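To start, the structure under review is shown below, and the notes come after it.
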Amino acid sequence: MLHTVNKSSFERNSLQSCLNTIDDSSVILFIEDGVINAANNANSSMIADLATEGRIFALQGDVEARGISSKLADNIKLVDYAGFVDLVVEHGTAVSWV
Amino acid sequence: MATKKFMYLNRRSSFGTVYAIESLEVVLIAAAFEQDVSLAFMDDGVYQIVEGQETDGIGMKNFSKTFHALGDYDINKLYVSKESLEERGLSESDLMPLVYEDEDDDWEEKPSIRVVTNDELKAIMSEQDVCLSF
């Protein structure tokens with residue numbers, strides 16, 4: 001499955017709820033304010049293991065809009081909109097954590 | 001007209017909600033009425049003034065550039081929460097170099113941003129007549 005998260009973990013618990021229920025083959029794509037979760041910050045440990053496994057993606061346009069391109073945590077994979085579509089096709093069911 | 005001390009609390013990032021740009025609009029209105037305006041950035045609001053925002057990829061207006069105009073409206077008190085920056089892995093050097101020209105000091109260019117602790121912010125807030133939260 002593909003899980004999209006569009007909220008900052010500093011403001012909402014969307015990411016935590018996603019992490020609580022994600023299975024071993026799913027991936028997470030951060031979009032909109034969700035890309036704040038891809039930055040190296042006090043909450044980075046929440047996703048560090050998944051990132052190491054190559055299962056954390058972030059939408060490049062949203063990262064650039066927030067000026068955090070140089071601040072990303074390790075092993076975050078950036079995708080453009082075409083890459084977003086590829087993730088949807090590859091992972092089937094999508095869950096949107098709004 | 002009587003002058004009041006207005007503080008605008010900015011707690012949200014720029015593009016996920018409409019709060020940030022709406023706050024900036026209201027700030028400029030208050031300045032037009034020649035009020036004593038301060039801005040505070042805390043929580044995800046600190047992302048509003050991060051340097052290097054590029055919005056071409058999301059098709060939204062890059063209003064971060066407007067912050068550079070605040071100095072010309074005599075808005076030169078921008079307080080940024082130290083704790084909120086640190087929590088997000090940011091420091092003052094990641095913020096836009098916002099300045100104003102000090103008319104009392106031969107128009108010397110001075111920084112508008114002041115990084116403050118929550119304790120300092122508490123004291124600054126208590127001096128205000130009006131606090132508006134966005």
Side-chain angles (χ1 to χ4, degrees), chain A residues 4-16 18 29-48 51 56-87 96-98, chain B residues 9-24 40-68 78 80-98 113 117-118 133-134:
Chain A
T4 63
V5 176
N6 77 338
K7 298 288 191 300
S8 158
S9 58
F10 291 106
E11 189 171 311
R12 303 282 184 87
N13 62 2
S14 310
L15 175 59
Q16 188 57 59
C18 170
L29 170 64
F30 294 131
I31 61 173
E32 300 165 10
D33 278 348
V35 299
I36 289 169
N37 303 315
N40 199 3
N41 59 41
N43 289 353
S44 297
S45 60
M46 292 172 75
I47 56 155
I56 301 287
F57 298 81
L59 199 57
Q60 187 160 8
D62 285 317
V63 169
E64 290 170 355
R66 287 155 186 81
I68 54 173
S69 300
S70 64
K71 299 275 163 189
L72 295 181
D74 291 338
N75 302 310
I76 304 290
K77 295 178 176 176
L78 289 177
V79 293
D80 56 12
Y81 287 108
F84 189 166
V85 174
D86 290 341
L87 285 173
S96 182
W97 298 87
V98 294
Chain B
L9 301 175
N10 299 290
R11 296 186 44 250
R12 293 168 196 264
S13 58
S14 298
F15 306 110
T17 66
V18 80
Y19 285 96
I21 194 166
E22 289 291 324
S23 172
L24 195 50
F41 298 88
M42 63 174 73
D43 302 331
D44 279 349
V46 299
Y47 284 114
Q48 291 182 29
I49 51 172
V50 164
E51 170 88 317
Q53 300 175 44
E54 283 296 337
T55 59
D56 291 350
I58 60 170
M60 292 176 78
K61 182 182 172 188
N62 186 358
F63 62 90
S64 70
K65 290 170 179 162
T66 310
F67 286 105
H68 286 287
L78 276 61
V80 184
S81 162
K82 181 171 184 281
E83 286 86 345
S84 296
L85 282 176
E86 285 173 355
E87 203 175 30
R88 287 159 185 78
L90 298 171
S91 64
E92 188 167 1
S93 61
D94 295 312
L95 304 178
M96 294 188 283
L98 302 176
I113 289 178
T117 64
N118 287 341
S133 185
F134 290 86

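Just so it is clear, the model here is predicted, and its values are computed rather than measured. Proteins come first, then strands; the chains are lettered A, B, ... in the order of their sequence lines, and each starts at number 1.
- In plain terms, the two heavy atoms of B:R11 and A:E11 that are nearest each other are O-OE1, 4.3 Å.
- Put simply, CD1 on A:I68 and CD on B:Q53 are 10.0 Å apart, with the number rounded to the nearest 0.5 Å.
- Not a single donor-acceptor pair under 3.5 Å links the side chain of B:Y47 to the backbone N or O of A:G67.
- At a 4.5 Å heavy-atom cutoff, the contact between B:E51 and chain A is made by backbone atoms alone.
- Contacts of A:D62 with chain B are made by both backbone and side-chain atoms, with heavy-atom separations under 4.5 Å.
- Note that OG1 of B:T55 is 10.0 Å distant from CZ of A:R66, once rounded to the nearest 0.5 Å.
- Using a 4.5 Å cut-off between heavy atoms, A:L59 does not touch chain B at all.
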Report the C-alpha distance between A:E32 and B:F15 in whole Å, list the side-chain angles of each, state the deciding distance to 0.1 Å, and finish with yes or no for side chain to side chain contact (heavy atoms under 4.5 Å, CB included). CA-CA 7 Å; A:E32 300 165 10; B:F15 306 110; over 6 Å; no

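- Residue B:D43: no heavy atom, backbone or side chain, is found under 4.5 Å from chain A.
- Residues B:L90 and A:K71 share a closest heavy-atom pair of CD2-CD, 4.0 Å.
- Here the closest non-hydrogen pair linking A:D33 and B:G16 is OD2-CA, 3.3 Å.
- Taking a 6.0 Å sphere around OH of B:Y19, one finds it holds 12 or fewer heavy atoms contributed by other residues, nucleotides or ligands.
- In this structure, no portion of B:D56 lies under 4.5 Å from any heavy atom of chain A.
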